[in-house]
Amino acid sequence: MKKSKGFIVIVVCLAVAILATSCTNQDSSVQGYDGETANVENGSSPDSFLGITLPKNKYGDFRLLNETSYATTADGLYEVKSIFPNSASIFYTDFATEQTIYLCNQPGCKHNTDACTSYIALKDNYPPTAVVTDDKLILIRAAATEASNPYIEIRNLDGSDNRKLCEFPANQRFDIYEVSDNNYLFTTMNEVDEKGNTRYYLVEINLSNGEVKHIVDTTTEFGFYQLVGAYENHLILQENNFDASTARQVLLNPENPSFDQEIGQYKLSGGYMFVMDNQLIAYDSETSEVISTNPKTEEEKTISLEKVKNQISGSIFPAFDGCIFYNQSIADAEGNPVTSRYLVNLTTGETHPLTLKTSTFKQYHWDVVAVYGDQLCVLYDYKEVPLVIENKEGDMETIESYSNLYGFISKVDYTANNPNVRPASSPI
């Protein structure tokens, strides 16, 4: 049966927010699926995508940049954590040395003043989120607080040359997804006027000079279009209709924006889509089927996943070596959700159970943060770290917080459920 097609370069988020300092997120930072686009010259474009002709434009290949507590490159992981009062610190985990360090190369530095390249001064207790392009570390304050308006800071990957790129009015707010081609950053923002009315916009931010350009108003009669991904040098927007059970997806050229190029419907009640190994991967929760589609030839392959009794939901996201992760949630005797995770081979259809879970929160599986060679960087547990903050009365108090623990494991051990993890050394 021919199925409705759509395309979102977005990996399902398995985020566990623990206070303000810990977030696990299975996102497009997984190496090998971080911007799964063809290597084409800047401004070039393929002939078509799912039958839609793609015109050339001035942009290079876009890549989805999720706002999370960490961001990865091919060589390592950046993470923003609150360690000292009224500040946050940038940490870097090197995949080659398997070490986590403050993003600082000054001998003897205590990392607690703005003379340190890892230091972020804060007027409140809300650290920015981090994303990375090929050569820049970008820190984003997505929404206003009592002490700060939304802003973007930009640094070199070693933390040097820190500067505020741009600042936004307090009534504007960033979405949770950004897309970049290393020269420009795109996101959708909302703006609330004096009467409480909200409008939504797609904006372009020049990463060289901070110029902000409104590309198009994305507000609709019953909702808004949200930026959710990209395909080569075009953007993918999804219509969030507050009264509908499905969301329309469109392919948009930022140089000539319109909402006419529909590429499919996304089921809000449960369905997931992303690109992996140049294939569009979609999950239909109603049939529990995974459909792999070549976006240029439109050839399809379907894998049926077993739907069990008391199943609440299912979700998929990219894994490695031609496989995807499949999360299956069922209700226990008390009606509470219990999640099992599987590795699904898209070539053979074979499904393999994964049982490694964190010891601190036993319901959470080990999350694959990055893939490099025959090794994986995984978030395998959490560590309780007391955090000293300044409360509204101006007094210092200690609160409970958790820090992500990263480690390294071979693909062979991970898939065999052998917990032979090599913890990253850390200064915390």
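Only this structure's heavy atoms are used, side chains among them; waters, hydrogens and symmetry mates stay out. All values reported here derive from a predicted model rather than from experimental measurement.
- The side-chain heavy atoms of His365 and Phe325, taken from C-beta on, include no pair separated by under 4.5 Å.
- Side chain of Thr133 to backbone of Asn182: no donor-acceptor contact under 3.5 angstrom is found.
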Full working for side chain to side chain contact (heavy atoms under 4.5 Å, CB included) between Phe186 and Asp181: CA-CA 9 Å; Phe186 287 86; Asp181 68 347; 5.8 Å; no

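- Looking only at side-chain heavy atoms (C-beta outward), Leu157 and Tyr78 come within less than 4.5 Å of each other.
- Screening Tyr406, Tyr402, Phe361 for a ring-ring contact (aromatic ring centres under 6.0 Å, His included) involving Tyr382 leaves a single residue, Phe361.
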Side chain to side chain contact (heavy atoms under 4.5 Å, CB included) between Ile236 and Tyr177, intermediate numbers included: CA-CA 11 Å; Ile236 305 294; Tyr177 301 114; over 6 Å; no

For Asp217 and Thr219: C-alpha separation, side-chain torsions, deciding distance, then whether side-chain hydrogen bond (donor to acceptor under 3.5 Å, both in side chains) applies. CA-CA 6 Å; Asp217 188 326; Thr219 312; 2.8 Å; yes

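- Under a 4.0 Å N-O distance rule, the pair Asp367/Arg341 qualifies as a salt bridge.
- Remark: the backbone N or O of Asn206 is not paired with any side-chain donor or acceptor of Lys213 at under 3.5 angstrom.
- Within 6.0 Å of CD in Gln363 there are more than 12 heavy atoms belonging to other residues, nucleotides or ligands.
- Paired with His111 under the rule ring-ring contact (aromatic ring centres under 6.0 Å, His included), one option of Phe91, Phe84, Tyr102 passes, and it is Tyr102.
- In the model, Thr73 has no side-chain atom that pairs as donor or acceptor with a side-chain atom of Asp75 under 3.5 Å.
- In this structure, the side chain of Trp366 does not engage the main chain of Leu379 through any donor-acceptor pair within 3.5 Å.
- Ring planes of Phe408 and Phe95: perpendicular class, angle over 60° (limits at 30 and 60°).
- The closest side-chain heavy-atom distance from Ser208 to Asn183 is not below 4.5 Å.
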For the pair Thr187 and Asp175, evaluate side-chain hydrogen bond (donor to acceptor under 3.5 Å, both in side chains) and give the outcome as yes or no after the intermediate values. CA-CA 6 Å; Thr187 189; Asp175 201 355; 5.6 Å; no

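- For the pair Pro55/His234, a side-chain contact is recorded, criterion being any heavy-atom separation below 4.5 Å from C-beta on.
- Atom CG of Leu50 and atom NZ of Lys296 lie 11.5 Å apart (nearest 0.5 Å).
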When you look at Tyr59 and Glu204, which way does the side-chain hydrogen bond (donor to acceptor under 3.5 Å, both in side chains) test go after all the steps? CA-CA 12 Å; Tyr59 302 101; Glu204 172 196 277; 2.5 Å; yes

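- With Thr293 contributing its side chain and Glu298 its backbone, the two residues share no donor-acceptor pair below 3.5 Å.
- Salt-bridge check for Glu79 with Lys81: passed, with a basic side-chain N closer than 4.0 Å to an acidic carboxylate O.
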Can Asn240 and Gln238 be said to form a side-chain hydrogen bond (donor to acceptor under 3.5 Å, both in side chains), step by step? CA-CA 6 Å; Asn240 292 323; Gln238 173 179 297; 3.1 Å; yes

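- Of the possible donor and acceptor atoms, one in the side chain of Thr129 sits under 3.5 Å from a partner among the backbone N and O of Ile140.
- Remark: side-chain polar atoms of Arg141 are paired, donor with acceptor, to backbone N or O of Tyr126 under 3.5 angstrom.
- Sparse packing is recorded around NZ of Lys383, with 12 or fewer heavy atoms of other residues, nucleotides or ligands lying under 6.0 Å away.
- Taking the six-membered ring for Trp and the full ring otherwise, Phe174 and Phe168 have centroids separated by under 6.0 Å.
- The side-chain heavy atoms of Lys136 and Leu207, taken from C-beta on, include no pair separated by under 4.5 Å.
- In plain terms, the two heavy atoms of Glu98 and Tyr372 that are nearest each other are OE2-OH, 4.1 Å.
- Side-chain contact between Phe224 and Thr188: absent, with no pair of heavy atoms (C-beta onward) separated by less than 4.5 Å.
- Judged by distance alone, the side chain of Asn156 and the main-chain N or O of Gly159 form no donor-acceptor pair under 3.5 Å.
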Please lay out, stage by stage, how Tyr326 and Val290 fare under the test side chain to side chain contact (heavy atoms under 4.5 Å, CB included). CA-CA 10 Å; Tyr326 171 53; Val290 175; over 6 Å; no

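- Side chain of Asn57 to main chain of Asn233: a donor-acceptor pair is present (N/O by atom type, distance under 3.5 Å, no hydrogens or angles).
- Within 6.0 Å of NZ in Lys307 there are more than 12 heavy atoms belonging to other residues, nucleotides or ligands.
- Salt bridge Lys58/Glu255: absent, no basic N to carboxylate O contact under 4.0 Å.
- Residues Arg155 and Ile90 have side chains in contact (heavy-atom distance under 4.5 Å, counting atoms from C-beta outward).
- Here the side chains of Leu251 and Leu54 are in contact, with some heavy-atom distance below 4.5 Å.
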